[in-house]
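Accompanying notes for the structure given below.
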Amino acid sequence: MLNFAYFLHSFIKCEKKALLYGKSLPLPNETRTPIILIYIMIDSSAFQGKRAVYYTLGCKLNFSETSTFGKMLEELGMVTAKKGEQADLCLINTCSVTDVADHKCRQIIHRMVRRHPGAFVVVTGCYAQLKPDAIERIDGVNLILGSNEKATLVQHLADAWTNPGETRSFTLPTKDIKSFAPSCSRGNRTRYFLKVQDGCDYFCTYCTIPYARGFSRNPSIASLVQQARQAAAEGGKEIVLTGVNIGDFGKTTGESFLDLVKALDGIEEIKRYRISSLEPDLISQELIDYCASSRAFMPHFHIPLQSGSDAVLQLMHRHYDSRLFADKIYAVKAAMPDAFIGVDVMVGCRGETAERFEESYALLDGLEVSQLHVFPYSERPGTQALKIPHVVSDAEKRARSARMLSLSAEKTRNFYTRYQSAEAEVLFERATRGRAMHGFTANYIRVELPASVAREEYDNQLLRVRLGDFNRDGSALLCQIL
């Protein structure tokens, strides 16, 4: 059986229409978003009925990409292996944001090789881009694909599948990473994840992501609108916009993130959008005001801070100071008083003295944020942060993390408590039969529907509920269907 596949690869001008994973993709007659169409004729007979397992480490963007890989392989005839089944293919999409993440990647690769002896093992993602040599030394790995090459994963897999032989590794230097692998999929989830941007130009001193994913780039608004419409046609009701530095959208095409938000908001079949993360310096008042009055963009922001100390922010080469960050929080809450605001904060980075940590803690303690995502600093080879004096001990990092996590738990509980006894609309998510169902309100309060009243038909449905007490572990508010 022959199968045609096509991938958004580089950036040139094109017209008319193309096939996107077997679907028609209309393109504007004149577009600055350019696409190279690579048509690949693949004999898919070798993949028919083969079983695949997938493992994803890291961010929502990785989960989105893995889901799309799975969809592409399914179109070639592969099926997802059930629990306990031996797989013919193992695909591992890796993360490299910390040294701990690197270690976990190696553990998972070893585990997958042991659990599925004889399987064809593919490793891609950030760790594959940054440390291909380390992966090559792991017995059982057949194919390593860096950030540029994962856009043509199926082609590389088809080339190597019938002749696994020695490990094949394909990576390019950071400056040459230019491909954009489109992704709009939900995998086994209810919400869709739409990849709108990739790469980053910020080069913060502690971060390896620009080296792993390349410079900032994006597809056209027209192509993203088409993917969102396809998600709607498949029954999707909520889409999460994912990327590395989403607010930087438009560098490739001369468009803007606000333009994208307005275009997506016009797709009435999609009832909810969420933005995975926005750098504070890229959040404009115009964007805040539009989201506050929009049809479908939820009162939910995730804004990375990293540190509340201006001295540390300068050492990190961040693009803002604590005052700008605070002003953005005030602006969001003024326009959307019910908004849930999540914040990334790093503790124990080089240069974070005890006094500077207290500055960071005090800033967050005084702001109306809803949850903290706390990350202990991890030394990353090749980063400029290694030149910064004052190293924080591991014990002190743990102590600072514990304080921030305690503050986060307090803020989240206080936020949830405000809405007890209130009515809300919840999008429920699929649950195992006999288990409680969960979902989220518009402002991202996690809700639990007891198993005794949960119904399969509630999956992917927006239902009115009354919020009640906390559930047993305090992670959600119990609810009653109205």
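Between Asp394 and Arg398, none of the side-chain N atoms (NZ, or NE/NH1/NH2) sits under 4.0 Å from a carboxylate O, so this pair counts as no salt bridge. Salt-bridge check for Glu429 with Lys237: failed, with every basic side-chain N at 4.0 Å or more from each acidic carboxylate O. Taking the charged nitrogens against the carboxylate oxygens, Asp310 and Arg323 have no contact shorter than 4.0 Å, which rules out a salt bridge. A salt bridge between Arg213 and Glu65 is present, with a side-chain N of the basic residue lying under 4.0 Å from a carboxylate O of the acidic one. Comment: Arg400 engages Glu396 in a salt bridge, judged by a side-chain N to carboxylate O separation of less than 4.0 angstrom. Looking at Glu149 and Arg168, no side-chain N of the basic residue comes within less than 4.0 Å of a carboxylate O on the acidic one, giving no salt bridge.
Between the Asn148 side chain and the Lys178 main chain, a donor and an acceptor come within less than 3.5 Å of each other. Thr124 contributes a side-chain N or O that, together with a main-chain N or O of Leu145, makes up a donor-acceptor pair within less than 3.5 Å. In this structure, Asp327 contributes its side chain and Leu324 its backbone to no donor-acceptor pair below 3.5 Å. Remark: the backbone N or O of Glu379 is not paired with any side-chain donor or acceptor of Asp99 at under 3.5 angstrom. A donor-acceptor pair under 3.5 Å is absent between the side-chain atoms of Tyr55 and the main chain of Cys105, judged by distance alone. Thr242 contributes no side-chain N or O that, together with a main-chain N or O of Phe193, makes up a donor-acceptor pair within less than 3.5 Å.
Considering all non-hydrogen atoms of both residues, Thr167 and Val141 come closest at OG1-O, 2.6 Å. Across every non-hydrogen atom of Leu194 and Cys184, the tightest pair is CD1-CB, 3.6 Å. Between Ala326 and Leu367, the shortest heavy-atom distance links the atoms CB-CD2, 3.9 Å.
Counting only heavy atoms from C-beta outward, the side chains of Tyr206 and Arg318 approach each other to under 4.5 Å.
Under a cutoff of 6.0 Å and an axis angle of 45°, Arg350 and Tyr377 do not form a cation-pi pair. Both the sub-6.0 Å distance and the 45° axial angle are satisfied by Lys195 relative to the ring of Phe180.
Listed by chain and number, the residues in a side-chain contact (heavy atoms from CB on, under 4.5 Å) with Ser277 are His302, Pro304 (sequence neighbours excluded). Residues passing the ring-ring contact (aromatic ring centres under 6.0 Å, His included) test with Tyr290: none are found, sequence neighbours excluded. In this view, Arg446 and Tyr416, His438, Phe440, Ser475, Ala476 satisfy the side-chain contact (heavy atoms from CB on, under 4.5 Å) rule, not counting sequence neighbours.
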key: Chi angles and distances behind the side chain to side chain contact (heavy atoms under 4.5 Å, CB included) call for Ser309, Leu313   = CA-CA 6 Å; Ser309 164; Leu313 289 173; over 6 Å; no
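Atom CD of Glu74 is surrounded by 12 or fewer heavy atoms from other residues, nucleotides or ligands within 6.0 Å.
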